[in-house]
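All values reported here derive from a predicted model rather than from experimental measurement. Throughout, numbering of the chain's residues begins at 1 and tracks the sequence. For ligands, and for the atoms within them, numbers begin at 1 and follow the listed sequence.
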Amino acid sequence: MATLNTDIRYIKGVGEARAKSLAKLGITDLRSLLSYFPRAYDDRRAYKKIADLIPGENACVCAVIAGEPKLSRIRKGLDLIKLRAVDETGALELTYFNQSYLKNTFHTGDAYVFFGRAEGTPSRPQMTNPLFEREGTYQITGRIMPIYPLTAGISQSMLYKAVEQGLAACVDELPDILPENVRLVYQLCHTRFAYENIHFPTDDEALSAARRRLAFEELFLLALGLKLLRERRTFVAGKQCKKVDLSPFFTSLPFSLTGAQRRAIGDIARDLTGQRPMNRLVQGDVGSGKTMVAAAAIYMAAKNGLQCALMAPTEILAEQHYRSLAPLLEPLGIPCALLTASTKAKERRALNERLRSGELSLVIGTHALLSPDVQYQNLGLVVTDEQHRFGVDQRAALSAKGDDPHLLVMSATPIPRTLALMIYGDLDVSILNELPPGRQKIDTFAVPSSYHERIYAFLRKLVAEGRQAYIVCPMVSENDELPDERKAVTAHAEMLQKEVFPDLRIAPIHGKMKPKEKDAVMRAFAAHEIDVLVSTTVIEVGVDVPNAALMLIENAECFGLSQLHQLRGRVGRGQHKSYCVLVSDNKGEENKQRLKVMSSTSDGFAIAEEDLKLRGPGDFFGSRQHGLPSLRVADLSCDLSLLHETQSAAEQLLAADPALKNHPLLKARVELLFELNADAMN
Ligand code: ADP
Ligand code: MG
């Protein structure tokens, strides 16, 4: 008897070699075979009479072989079989290449169903290499067939036959992990129906019911996992802080905080004085003032005797934070230090000593801050900046590091609420949806490339006024090769230097440079030793060059809306009027719509919502930046309502059964999903 755990070699036709190929697809046993879902479907249901065939369209034809097949050898390695099949309306000419064995398959008078693309003319229809089977078989014609992602050594027909066998052997063993009441309330089909119809749908309704069920399951597990992760913190004790009077901090600021900043600081104060460790995301557009929110958190933690670490993704960003925070916090009695890879060994030793003794309250630096040789006396708050690559798993790992410090994550990537719900399901979120007063709107223009001369003249005028500019150039690929970033950027910078701006200081920057080289270029740009910085999208996030007043983006159609918005945020950071110019010759409706959105709003959240609508969530999910398991069935661009349903279903279930004690199957699946250890979930 085969079970879900039976090895894939159980399947007829699967031996050592095929088992190896299948393993590449993640198929090792019957369970993984049944969970290997089609990427698309081939609808072979349309039956046509021969006289009704439409050239260019796929169809099934029931026809009788009207003469023995003729084999002809065109040349070495190329032979073909021609035969005729007829129904009561006409004759169909069939051609098969390099399948000479078919000569002995087809016999006059036999009835077959052929499926393929009609060719020729309506009066002389033909098909080339059509699929065929005996009339009345219905295995590969007359139905909707799955199309699976393949790998070398594995064919579609091999795979669907395997799945068919697998389903026949153990579809009834697939456990229904959804509680019956959830299944009923949300009108979901049974597991068996779902698996049978995701592979071999009987019709469109069955397929959408199967999809809905499996997508629901997927999102439901994810929602449960993230909620449990969040709940888990209820059970660890945080370093509970006493309430701190923030007025010395507020009065030492050169400006008053925005309402959004105050609200975020209020959220943080509540977290810090609560019993569990803080786990909060502060999300806000570029320039919304996240650093000051972090500073307030640091102030409160430090005044409670906790040490704080502020992590930035690059050295230059760490330095920037140090330069703005140390002068603010040190006079308030919070000793600060900077620790990066460039910190000299002697200095580093001294700094480590001061950290160990507890003398230092705040250390700002890169990832190095968490390396084992850096020891804290009492690390109580970890702030990470611009860390949207900081995944769920890493956050979990960090909290599990032992002393459960408070965690504050700052992100400048606006994410639609619906997605934030998923991605940051284990975090509490504060949103800075308000920019400090007096910010100038960045004028945004979309123009065709015929405007280059005018744009360059405009750039020249700005530089003459003492401003600087960014030029983002596209990644061009030659001859279908992977686009070479270094080549694209250096070539574009060279062209500009030679042909357009021989008198300006132009420098390229790209992701292939070593971090040190990149830092050096960014530093030179910040010091105004460079007028125009040419790059791809890898312009260091968050680096503040207030003197930069123009962002010129070539081939704007190549970028997502959120990306364009991020790039635009590099300018308008000082008192100078700033501009963003989007160059695109793409006349497509979608592109026009995108550029219109960019020119009409500067609200990062609105743009993110629009991005989601236009492009789907591939950007957010596909890249797996967030450490979330990838989704196989659910498609968030159309399944948003499903996402909400799964959220509330998960909430209700956890309210009734907080640790899933009564739902062991579900619990096991959630644990598997996040590879959480069992005691973390208890
Ligand atoms: P981001 O959210 O992009 O990290 P920053 O924290 O770097 O933004 O702040 C951007 C700039 O705005 C900084 O120069 C900062 O000093 C200034 N700033 C922050 N909050 C305010 C405020 N409430 N009023 C005026 N300027 C502010
Ligand atoms: Mg910042």
Q.
So that I can tick it off, tell me whether Arg460 and Asp503 are bridged by a salt bridge, with the cut-off set at under 4.0 angstrom between side-chain N and carboxylate O.
A. yes

Q: Would you mind checking if Asp267 and Arg280 are paired as a salt bridge, meaning a charged N to carboxylate O distance below 4.0 Å?
A: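 Yes.
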
Q: Could I get the full list of side chain to side chain donor-acceptor pair (under 3.5 Å) partners for Arg523, not counting sequence neighbours?
A: Glu319, Asp519

(Q) Check contact between Gly287 and ligand 1, using heavy atoms of the residue and a distance below 4.0 angstrom. (A)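 Per 4.0 Å heavy-atom rule, Gly287 contacts ligand 1.
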
Q: Give a yes/no on ligand 1: does Asp285 have at least one heavy atom closer than 4.0 angstrom to it?
A: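 It does, in that a heavy atom of Asp285 comes within the 4.0 Å cut-off of ligand 1.
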
Proximal ligand 1 atoms for [X], defined as those under 4.0 Å from one of its heavy atoms:
| X | result |
| --- | --- |
| Ser288 | 2 (O), 8 (O) |
| Thr258 | 23 (N) |
| Pro436 | 20 (N), 21 (C), 22 (C), 24 (N), 25 (C), 26 (N), 27 (C) |
| Leu257 | 23 (N) |

Closest contact, heavy atoms only, [X] versus [Y]:
| X | Y | result |
| --- | --- | --- |
| Leu328 | Ala295 | CD2-CB, 4.2 Å |
| Met300 | Val244 | O-CG2, 3.6 Å |
| Ile364 | Leu369 | C-CD1, 4.1 Å |

Q) Within the structure, does Gly289 bring an N/O atom to less than 3.5 angstrom of an N/O atom in ligand 1? A) yes

Q.
So, regarding Met292 and ligand 1 (criterion: nitrogen or oxygen to nitrogen or oxygen, under 3.5 Å), is there a contact or not?
A.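 Among all N and O atoms of Met292, none is under 3.5 Å from an N or O of ligand 1.
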
(Q) Just to be sure I read this right, does ligand 1 sit under 4.0 Å from the backbone of Ser256, its side chain, both, or neither, counting only heavy atoms? (A) backbone

Q: Just let me know how Leu432 lines up against ligand 1, side chain, backbone, both or neither, with a heavy-atom cut-off below 4.0 Å.
A: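 Looking at Leu432 and ligand 1, no heavy atom falls under 4.0 Å.
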
Q: Pick whichever of Asp544, Val293, Thr291 has a heavy atom sitting closest to atom 4 (O) of ligand 1.
A: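 Of the listed residues, Thr291 has the closest heavy atom.
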
Q. Atom 20 (N) of ligand 1: which of Gln320, Glu434, Gln261 has the nearest heavy atom?
A. Gln261

Q: Taking atom types as modelled, find out whether Thr444 and Arg568 have a side-chain donor-acceptor pair closer than 3.5 angstrom.
A: yes

Q: Determine, for Phe525 and Arg505, whether the Lys NZ or Arg CZ falls below 6.0 Å from the six-membered ring centre while staying within 45 degrees of the axis.
A: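 No - Arg505 does not lie over the ring of Phe525 by the 6.0 Å and 45° rule.
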
